[in-house]
Asker: 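First, the structure itself, so that you have it in front of you.
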Amino acid sequence: MTQQRNVPDNLCPIAVEYTTMLTGDWRALRPVVDRDKCVKCATCWLYCPVQCIVERPTWFDADLATCKGCGICAEECPHQAILMIEEAEG
Amino acid sequence: MGTAFDTIAFKASACDGCGKCMTACAEAKQGASRISIVSGAGEGRFELSLCRQCGDPKCAMVCPAGALAKDEASGVIRWDANQCVDCLLCTAGCSFGGISVDSHTARVAKCDQCDGDPACVKACPTGALEWVTAGSVFKKYGDREDMFVPGLSGCQGCNSELIMRHAMRKIGRNAVLATPPGCIPGMGSVGYNGKTGTKVPVFHPLLTNTASMLAGIRRYYDRIGRKDIVVMALAGDGGTSDCGFHAVSGAAERGEKVLYVCVDNEGYMNTGMQRSSTTPFGSWTSTTPVGEHMRGKTQDAKNLPLIMVAHKCAYVATASTGYMEDLYAKLDKAVEASFRGFSYLHIYSPCPTGWRIPSSKVIEACRMSVDSNFVTLWEYTREGGLRFTRSPDRPIPIRDYVKLLGKYRHLDEAQLDHIQARVDEQVALLRMMAAEPVAAE
């Protein structure tokens, strides 16, 4: 175990830093937002389990560092503005 | 930042082309209807042409007179009759048919969402039109900090992860969290080797002692005079209804001031999808397999929230992520009640891995579970009794919900009838207990 800073040595081990795992590399399908179709209704944000939806000036986008590609955003989008495409397609 | 807008959604599959929305709109606007339903591709298929209030509106871009502009607060694209020069360029600029010409006045007419209370949605008898208010939730809570780290290793589409993130976003930093063994700590919220996935103090108690441990934490905070801390559990159904039940029951009986959130995915999903006492009848699990001698679970699920009602807790409620605003409202009440007594929130959480559903269909499963009355949404307080927060009237058949889930793929007619009968029985019991038959939304 790494040396913990700022932790009294009479305490049991406690967490002093955040887990840095990023789940984006799990993804087989990637959400692509059609900016012309997006009306900024935030439905994707509401239902994204990873909460990786980020706000842009006139649309919402997924943070691909943590997006697992579950496809809920594309399924739930009331204006069909999100398409899931295969990662291999580029 | 932190802006999003409510919107009118259209589900083409539910539209029967009755045109009531158009009548309602024409009446509300005293002129031509701003919404129109047109025949789509194929017999009995309809399409909608209505202003979508685009994020980056093309109509406003092409307007030479500056008569169209997006309202920053409501998101509605406003049409200014005084500035409009009737060139009709906007009607050509819009590729969604959202802005049209009123033949009576020979001027353009467009939807203004009736200032957040659209007449067309209220008039739609089939539910094809829906007023989606996710934008309002985002405006209220979107800027709040997510209390978990970005990367948690819940499965793709994990509904428990969604519940954790929303619940803690709402509750905020002033909380002490306990997550007994299950998916929730398993996905890295507790962490190990000096690392944590949660931005509030988080404990990993045993399956059996979560509520007892929290009772102790609350009593300590009470003793040192900290009355502002939310002491809460995010536990699975196993840790609540089976292994941890005696601790939960005891803490509820003593009236410990604790918020206990049970995330019910109907089984021990973290350890390989074994049955629990909240697994419903007929479910496939790894310990209730489907074969020659057994066709899934042979017992019915126990209704844990009703058992908690029998404890006369300060607050008991059921919720589903399919109805997020209801969930947010109940979180508010549950947190408030946890400073007065035992507060219990039961959130139903479809598990894409264990229930054998595609990850993208999780929210649909949530919604259909409620629409079919498989899951009922209600709340209980000692003062107000039990009250439905969503009407259980006019449910869809249980078969429509069940066929979405792979864990019920093997069900025969007799089993389906059994599930439907038990659901009806459950709703009838709740109706008997409810203070008012149907509560206002």
Side-chain angles (χ1 to χ4, degrees), chain A residues 1-5 7 13-29 31 33 35-60 63 65-81 84, chain B residues 1-11 52-56 58 75 95-96 130 132 134-139 142 146 148-162 165-166 169 188 190-199 202 321 324 352 358-364:
Chain A
M1 196 175 135
T2 51
Q3 181 66 37
Q4 297 196 339
R5 285 163 288 124
V7 179
I14 58 168
V16 289
E17 53 187 306
Y18 292 138
T19 310
T20 50
M21 174 179 57
L22 294 176
T23 47
D25 53 2
W26 297 15
R27 201 172 47 243
L29 297 172
V33 180
R35 294 179 196 180
D36 286 338
K37 284 189 178 171
C38 177
V39 301
K40 270 197 105 172
C41 70
T43 302
C44 49
W45 169 83
L46 193 66
Y47 295 125
C48 172
V50 184
Q51 292 286 291
C52 70
I53 303 292
V54 285
E55 191 189 2
R56 303 275 189 239
T58 62
W59 74 99
F60 279 97
D63 179 354
T66 50
C67 169
K68 294 173 189 167
C70 69
I72 287 177
C73 53
E75 180 77 24
E76 295 300 320
C77 177
H79 293 289
Q80 291 82 44
M84 301 301 291
Chain B
M1 291 301 244
T3 297
F5 311 110
D6 295 345
T7 186
I8 297 169
F10 176 66
K11 198 157 77 182
R52 305 158 63 260
Q53 326 291 352
C54 295
D56 189 12
K58 297 285 176 289
S95 50
F96 300 97
E130 194 193 349
V132 178
S136 297
V137 181
F138 181 80
K139 267 189 207 166
D146 188 345
F148 293 96
V149 294
L152 290 179
S153 60
C155 303
Q156 280 176 325
C158 176
N159 201 50
S160 301
E161 186 176 350
L162 177 67
R165 289 185 187 274
H166 272 297
R169 186 195 291 276
V190 172
Y192 54 90
N193 269 4
K195 291 191 173 180
T196 179
T198 316
K199 300 175 188 174
V202 58
T321 44
M324 203 62 102
S359 60
S360 62
K361 298 280 186 190
V362 167
I363 300 297
E364 194 181 338

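Naming: A, B, ... by sequence-line order, numbering from 1 per chain. A quick note: this is a predicted structure, and the numbers were derived from the prediction, not measured.
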Asker: Specify the closest pair of heavy atoms between B:Ile363 and A:Ile72, including all atoms of both residues, with the distance to one decimal.
Answerer: CG1-CG2, 3.6 Å
Asker: Grab the two heavy atoms, one from B:Gln156 and one from A:Cys70, that are nearest each other, plus how far apart they are.
Answerer: C-CB, 3.8 Å
Asker: How far apart are the closest heavy atoms of B:Ser153 and A:Lys68, and which atoms are they?
Answerer: C-NZ, 4.1 Å
Asker: Who wins among A:Thr20, A:Thr58, A:Thr19 for the most heavy-atom pairs under 4.5 Å with chain B?
Answerer: A:Thr19
Asker: Go through B:Thr198, B:Val190, B:Val137, B:Val132 and name the one with the most non-hydrogen pairs under 4.5 angstrom from chain A.
Answerer: B:Val137
Asker: Non-hydrogen atoms of chain B under 4.5 Å away: do they reach the side chain of A:Cys41, the backbone, both or neither?
Answerer: both
Asker: If we define contacts as heavy-atom pairs under 4.5 Å, which of B:Pro358, B:Gly151, B:Ser95 has the most with chain A?
Answerer: B:Gly151
Asker: Do the side chain of B:Gln53 and the main chain of A:Val39 share a donor and acceptor less than 3.5 angstrom apart?
Answerer: no
Asker: When you compare the side chain of B:Thr7 with that of A:Pro78, does any pair of heavy atoms fall below 4.5 Å?
Answerer: yes
Asker: Report which part of A:Asp36 has an atom under 4.5 Å of a heavy atom belonging to chain B: side chain, backbone, both, or neither.
Answerer: both
Asker: Looking at B:Arg52, B:Lys11, B:His166, B:Arg169, which has the largest count of heavy-atom pairs under 4.5 Å with chain A?
Answerer: B:Arg52
Asker: Nearest heavy-atom pair of A:Glu75 and B:Lys361: which atoms, and what distance?
Answerer: OE2-NZ, 3.1 Å
Asker: If you look at every heavy atom in A:Tyr18 and B:Lys199, which pair is closest and at what distance?
Answerer: OH-CG, 3.2 Å
Asker: Name the atoms and distances for all side-chain donor-acceptor pairs under 3.5 Å in residues 42-49 of chain A, with sequence neighbours left out.
Answerer:
from, atom 1, to, atom 2, distance (Å)
A:Trp45, NE1, A:Gln51, OE1, 3.4

Asker: Based on non-hydrogen pairs under 4.5 Å, which of A:Arg27, A:Arg35, A:Lys37 is most in contact with chain B?
Answerer: A:Lys37
Asker: Against chain A, label B:Glu364 side chain, backbone, both or neither, depending on which of its atoms sit under 4.5 Å from a heavy atom there.
Answerer: both
Asker: Using heavy-atom distances under 4.5 Å, tell me whether B:Cys54 contacts chain A through its side chain, its backbone, both, or neither.
Answerer: both
Asker: So which heavy atom on A:Val50 is nearest to which on B:Arg165, and how close?
Answerer: O-NE, 3.4 Å
Asker: At a 4.5 Å cut-off on heavy atoms, which part of B:Phe148 comes close to chain A: side chain, backbone, both, or neither?
Answerer: neither
Asker: Tell me, please, which residues at least two apart from B:Phe5 pass ring pair (Phe, Tyr, Trp, His ring centres under 6.0 Å).
Answerer: none
Asker: Between B:Asp146 and chain A, which part of the residue has a heavy atom less than 4.5 Å away: side chain, backbone, both or neither?
Answerer: side chain
Asker: Pick whichever of B:Gly135, B:Ala9, B:Gly157 has the most heavy-atom pairs under 4.5 Å with chain A.
Answerer: B:Gly157
